[in-house]
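In what follows, a single structure is set out as structure tokens and then discussed.
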Amino acid sequence: MDPLFQGSLVNARRIIYTPSDFAKNNLLHLQEAGELQALKPHTSSRKGLVSYLFLVVLEGSGTVVYDGVSYELSGGDCAFIDCRREYSHRSSEDLWTLKWAHFYGPNMTGIYEKYVERGGRPVFHPENPGPCAELLGQLYQIAGSADYIRDMHIFEKITSLLAFLMAESWHPELKIHTGSKRQSLQNVKDYLDRHYKEKITLDELSGRFFINKFYLTRIFKEQFGASINSYLAQVRVTHAKQLLRFTDLTVEQVGRQCGIEEPAYFARVFKKVEGVAPGEYRRMW
């Protein structure tokens with residue numbers, strides 16, 4: 001279960017893990033985890049794996065080639081890639097030590113697409129790589145344990161790893177470097193949080209905060225992961241759910257309390273966000 005492989009190219013400790021059918025069909029699940037130390041420069045190439053790979057370089061340096069692009073990595077650098085695409089990695093003469101995990105899940109394609117949409121890159125250098133290296137170590141330990149609910153604990157750790165990746169996913173060129181512009185967009189978000197009961201238009205926001213509306217639309221989504229309209233709908237629906245559950249207001253009154261005067265439009269917005277109509281949501285709860 002916990003073999004140390006000593007060869008001419010690497011010393012590696014890995015666990016090849018077989019999740020339960022339940023985990024395969026419902027959870028983010030582990031396929032393999034381990035740590036290796038290169039003994040000689042060598043190249044490993046893969047393609048067509050139904051898997052996602054995350055690795056962190058502990059020491060040394062090397063190269064990852066992914067989607068036809070070559071990336072140089074050294075201590076503290078990380079890679080997060082879709083293994084269905086062709087990739088390879090090679091240690092340099094400064095022989096590297098890596099921790100890694102292969103994992104998958106029924107929703108991983110959407111998660112990775114969101115990572116890329118937010119500016120996530122195949123290779124990046126986090127400010128503090130310690131947490132991700134620790135999570136990889138925990139995955140390895142759990143996979144090798146006799147814990148009868150280890151698939152759930154593995155799911156928990158992979159989710160934590162993905163949360164770390166999402167937090168680190170901003171492409172440096174997409175960051176806003178001037179404090180005033182960054183604050184302006186936070187002010188826009190705060191304004192939506194406070195004034196969701198009112199009629200709000202993009203032109204009004206643009207004029208109120210003296211920001212070009214096209215720039216505002218693009219940067220708001222980059223910073224907060226949703227368009228202005230989508231974010232406002234989420235805020236309104238969140239408040240609507242509270243009113244539906246804890247007051248006797250009619251559905252129409254709830255819609256007006258949340259800034260949407262037209263009942264049919266409120267019902268459409270609520271169902272788009274929540275997946276059920278407002279009345280059905282109230283009955284469910």
Side-chain angles (χ1 to χ4, degrees), residues 1-7 10-36 44-56 58 64 66-67 78-89 98-118 120-123 129 131-169 225 271-276 280-281 283-285:
M1 188 75 179
D2 185 15
L4 174 63
F5 173 80
Q6 295 179 305
V10 297
N11 284 340
R13 190 180 298 276
R14 61 162 52 89
I15 288 180
I16 298 175
Y17 186 72
T18 302
S20 66
D21 288 342
F22 167 76
K24 286 182 180 179
N25 293 326
N26 298 281
L27 304 178
L28 297 166
H29 54 268
L30 185 67
Q31 297 166 323
E32 179 180 304
E35 181 175 344
L36 68 80
S44 297
S45 301
R46 303 284 189 276
K47 66 177 179 179
L49 297 180
V50 183
S51 177
Y52 289 82
L53 169 66
F54 176 77
L55 64 83
V56 57
L58 303 180
V64 168
Y66 176 69
D67 236 7
C78 300
F80 180 36
I81 58 179
D82 178 352
C83 300
R84 292 173 298 184
R85 301 182 182 183
E86 186 171 1
Y87 73 95
S88 65
H89 49 78
L98 310 175
K99 281 188 176 182
W100 83 91
H102 280 276
F103 51 89
Y104 193 67
N107 52 357
M108 266 308 303
T109 297
I111 292 172
Y112 194 79
E113 287 175 354
K114 175 59 70 173
Y115 170 81
V116 173
E117 178 187 319
R118 286 170 53 86
R121 306 187 68 181
V123 171
C132 59
E134 183 178 348
L135 283 168
L136 290 175
Q138 291 170 352
L139 278 171
Y140 183 90
Q141 291 173 359
I142 295 168
S145 74
D147 188 343
Y148 75 99
I149 58 167
R150 60 186 176 181
D151 280 332
M152 293 301 302
H153 289 308
I154 286 171
F155 170 74
E156 177 187 23
K157 298 303 179 184
I158 294 176
T159 301
S160 296
L161 178 61
L162 290 171
F164 171 86
L165 288 167
M166 287 296 186
E168 293 287 340
S169 66
K271 187 169 184 178
K272 182 178 181 180
V273 173
E274 195 63 23
V276 295
E280 179 63 22
Y281 176 86
R283 286 190 291 273
M284 288 166 58
W285 285 93

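The first residue of the sequence shown is numbered 1, and numbering continues consecutively from there.
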Looking at CG of Leu30 and CZ of Phe155, how far apart are the two atoms once the value is rounded to the nearest 0.5 Å? 13.5 Å
Between Leu28 and Tyr52, is there a side-chain heavy-atom distance shorter than 4.5 Å? no
Rounded to the nearest 0.5 Å, what's the gap from CG on Leu162 to CE on Met166? Could you check? 7.0 Å
His29 NE2 to Thr18 OG1 distance, which is reported to the nearest 0.5 Å: 10.0 Å
For Asp82 and Tyr115, which I'm curious about, is there any donor-acceptor pair between the side chains at under 3.5 Å? no
Pairs of donor and acceptor atoms involving the side chains of residues 100-109, under 3.5 Å and at least two apart or interchain, shall be tabulated with distances.
residue : atom : partner : partner atom : Å
Trp100  : NE1  : Glu32   : OE2          : 3.1
His102  : ND1  : Ser51   : OG           : 2.9
Thr109  : OG1  : Arg84   : NH1          : 3.4
Thr109  : OG1  : Arg84   : NH2          : 3.4

How long is the straight-line distance from CD1 of Ile142 back to CZ of Arg150, given to the nearest 0.5 Å? 10.5 Å
What I want to check is whether the side chains of Asp147 and His153 have a donor and an acceptor closer together than 3.5 Å. yes
How close do Leu161 and Cys132 get, heavy atom to heavy atom, and via which atoms? CD1-CB, 4.1 Å
Kindly compute the distance separating CG (Leu136) from SG (Cys78), expressed to the nearest 0.5 Å. 8.5 Å
Side-chain contact, heavy-atom cut-off 4.5 Å: Met152 with Phe22? yes
Minimal non-hydrogen separation, Gly137 against Lys99, with atom names: CA-NZ, 4.1 Å
Once rounded to the nearest 0.5 Å, what's the spacing between atom CG of Leu98 and atom CG of Leu55? 5.5 Å
Test your reading of the model: is there a side-chain donor-acceptor pair from Arg46 to the backbone of Tyr87, 3.5 Å cut-off? no
Does some side-chain heavy atom of Arg14 sit less than 4.5 Å from a side-chain heavy atom of Ile16? yes
Report yes if the side chains of Gln31 and Tyr17 come closer than 4.5 Å at any heavy-atom pair, otherwise no. no
With heavy-atom distances below 4.5 Å as the criterion, would you say the side chains of Leu58 and Val56 are in contact? yes
How would you list, by chain and number, every residue that makes a salt bridge (Lys or Arg N to Asp or Glu O under 4.0 Å) with Lys114, sequence neighbours excluded? Glu117
